[in-house]
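One structure is given here, and the rest of the page talks about it.
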Amino acid sequence: MTATTRAARTDAARARRWRIARRWIYGVAIAAVPIAVYYKLIAPEAAPLFTPLILALFMVKKDGTPESTE
């Protein structure tokens, strides 16, 4: 699918940048969970509860459906 209008190209570029930012934030958030456990900010038993929450927050499309993880 190619965007033919300037507005469509702008929207596609914005969506691409937001997708990249979300994946970066997701990666940092997932890496922060073990660090938070190490510094005793969260209990080790609670760590597995945070990863699905982080996934649900950041890996969704605009319409609310899950984004595929490549």
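Positions are given from 1, in the same order as the sequence printed here. Note that the structure is a prediction, hence the values are computed from the model and not measured.
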Quiz item: Who passes side-chain contact (heavy atoms from CB on, under 4.5 Å) against I30, sequence neighbours left out?
Solution: Y26, T51, I54
Quiz prompt | Residues in side-chain contact (heavy atoms from CB on, under 4.5 Å) contact with A13, at least two apart in sequence or another chain | solution = R16, R17
Quiz item: Who are the side-chain contact (heavy atoms from CB on, under 4.5 Å) partners of A47, not counting sequence neighbours?
Solution: V33, V37, I42
Quiz item: What closest approach, in Å, do L49 and P52 show between heavy atoms, and which atom pair accounts for it?
Solution: O-CD, 3.5 Å
Quiz item: Same cluster for L55 and W24 if Ile/Leu/Val/Met/Phe/Trp/Tyr side chains link at under 4.5 Å?
Solution: yes
Quiz item: Apart from Y38 itself, what residues make up its hydrophobic cluster, given side-chain heavy atom links below 4.5 Å?
Solution: I35, Y39, L41
